[in-house]
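The structure appears right after this line, and notes come after that.
All residue numbers refer to positions in the sequence shown, counting from 1. Because the structure is predicted, anything quoted here is derived from the model rather than measured.
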Amino acid sequence: MAKEASNFRLIANNKKARHDFFLEETFEAGVELHGTEVKSLRQGNCSIKEAFVRIENGEIIIYGMHVSPYEKGNIFNKDPMRPKRLLMHKKEIMRLLGKIKEKGYTLVPVQVYFKGSLVKVEIALARGKKLYDKRQDIAKKDARREAERDFKVRNLG
């Protein structure tokens with residue numbers, strides 16, 4: 001998914017999702033927020049490390065997305081951990097629901113960002129990795145890092 005640098009600003013990234021899951025397909029969804037939550041997000045106060053997504057009654061809901069209370073929001077602040085509804089077309093939701101019913105698939109939030117003035121969440125249709133898959137990824141990463149280090153040393157000398 002190509003994003004233009006001018007109207008794209010990353011708020012939160014879920015690196016653990018790429019480590020724990022094979023991300024098959026990504027989708028963009030809007031988030032139903034209240035005013036003080038948007039102001040807090042503009043300051044970059046968001047975490048999706050422990051977040052997960054469920055489909056209930058034809059609606060997509062994100063749980064565990066922590067939006068810190070806005071410091072000047074006083075009584076208008078909402079619960080930072082409240083479930084937030086994601087906005088997608090009904091047809092997309094039904095397609096996702098069909099894929100989730102397949103064995104081993106789940107929805108995970110990958111990143112939260114501003115697209116223009118709108119807050120968007122990128123969610124991915126994901127399949128869980130086994131322990132040996134994670135070890136393979138770590139070994140590949142280490143090998144690539146070692147190769148880059150060797151290349152850098154050769155070019156300097």
**Study point:** Sub-4.5 Å side-chain heavy-atom contact between Ile62 and Pro83
**Key:** no
Check your understanding: Going from CD1 on Ile55 to CD1 on Ile100, what distance comes out if it is rounded to the nearest 0.5 angstrom?
Key -> 4.0 Å
Check your understanding: Is there a path from Val53 to Ile93 through hydrophobic residues (I, L, V, M, F, W, Y) whose side chains come within less than 4.5 Å of each other?
Key -> yes
Review point. Which heavy-atom pair separates Ala126 from Val108 by the least distance, and what is that distance?
Key: CB-CG2, 3.9 Å
Revision key, fill the gap. The reported gap from CZ in Phe114 to CG in Asn7 (rounded to nearest 0.5 angstrom) is 12.5 Å
Practice item. Considering only NZ, NE, NH1 and NH2 on the basic side and carboxylate oxygens on the acidic side, decide whether Glu28 and Lys115 come within less than 4.0 Å. Key: yes
Check your understanding: Can you name the closest pair of heavy atoms from Val110 and Ala124 and give their distance?
Key -> CG2-CB, 3.5 Å
Practice item. Could you tell me whether the side chain of Asn14 and the main chain of Ile48 form a donor-acceptor pair under 3.5 Å? Key: yes
**Study point:** Salt-bridge contact Arg95-Glu25 (side-chain N to carboxylate O under 4.0 Å)
**Key:** yes
Point to revise | Salt-bridge contact Glu37-Arg82 (side-chain N to carboxylate O under 4.0 Å) | key: yes
Practice item. Please report the C-alpha distance between Arg127 and Phe21 in whole Å, then the side-chain angles of each, then the deciding distance to 0.1 Å, and finally whether the side-chain contact (heavy atoms from CB on, under 4.5 Å) criterion is met. Key: CA-CA 5 Å; Arg127 209 166 21 94; Phe21 299 97; over 6 Å; no
Check your understanding: When rounded to the nearest 0.5 angstrom, what is the spacing between NZ in Lys90 and CG in Leu97?
Key -> 10.5 Å
Practice item. For residues Lys16 and Lys49, determine if any side-chain heavy atom of one lies less than 4.5 Å from a side-chain heavy atom of the other. Key: no
Exercise for review: Kindly compute the distance separating CZ (Arg9) from OH (Tyr113), expressed to the nearest 0.5 Å.
Suggested key: 14.0 Å
Check your understanding: Are side-chain heavy atoms of Lys140 and Arg144 found at a separation under 4.5 Å?
Key -> no
Check your understanding: In terms of hydrophobic clustering (I, L, V, M, F, W, Y; side-chain heavy atoms under 4.5 Å; direct or indirect links), are Tyr105 and Met94 co-clustered?
Key -> yes
Review point. Under 4.5 Å between any side-chain heavy atoms of Thr106 and Phe52, yes or no?
Key: no
**Study point:** Flag side-chain contact, heavy atom, 4.5 Å: Phe22 against Glu24
**Key:** yes
Check your understanding: Are side-chain heavy atoms of Cys46 and His66 found at a separation under 4.5 Å?
Key -> no
Practice item. Please test Lys84 against Glu32 for side-chain contact (heavy atoms from CB on, under 4.5 Å), starting from the C-alpha separation and ending with a verdict. Key: CA-CA 6 Å; Lys84 293 156 192 71; Glu32 186 178 75; 5.9 Å; no
Point to revise | Met88 to Ala29 - nearest heavy-atom pair and separation | key: CG-CB, 3.5 Å
Point to revise | Charged N-O contact under 4.0 Å between Glu59 and Arg85 | key: yes
Exercise for review: State, to 0.1 Å, how close Pro109 and Ile123 come at their nearest heavy-atom pair, and which atoms those are.
Suggested key: CA-CG2, 4.1 Å
Point to revise | Spacing of Ser47 atom OG and Ile11 atom CD1 [to the nearest 0.5 Å] | key: 12.5 Å
Point to revise | Of Val119, Leu87, Val112, the residue whose pairing with Val31 passes side-chain contact (heavy atoms from CB on, under 4.5 Å) | key: Val119
Practice item. Please examine the side chains of Gln111 and Val121, heavy atoms only from C-beta on, and report whether any two atoms are closer than 4.5 Å. Key: no
Revision key, fill the gap. Separation between CD1 (Ile60) and CZ (Phe27), nearest 0.5 Å, reads 8.5 Å
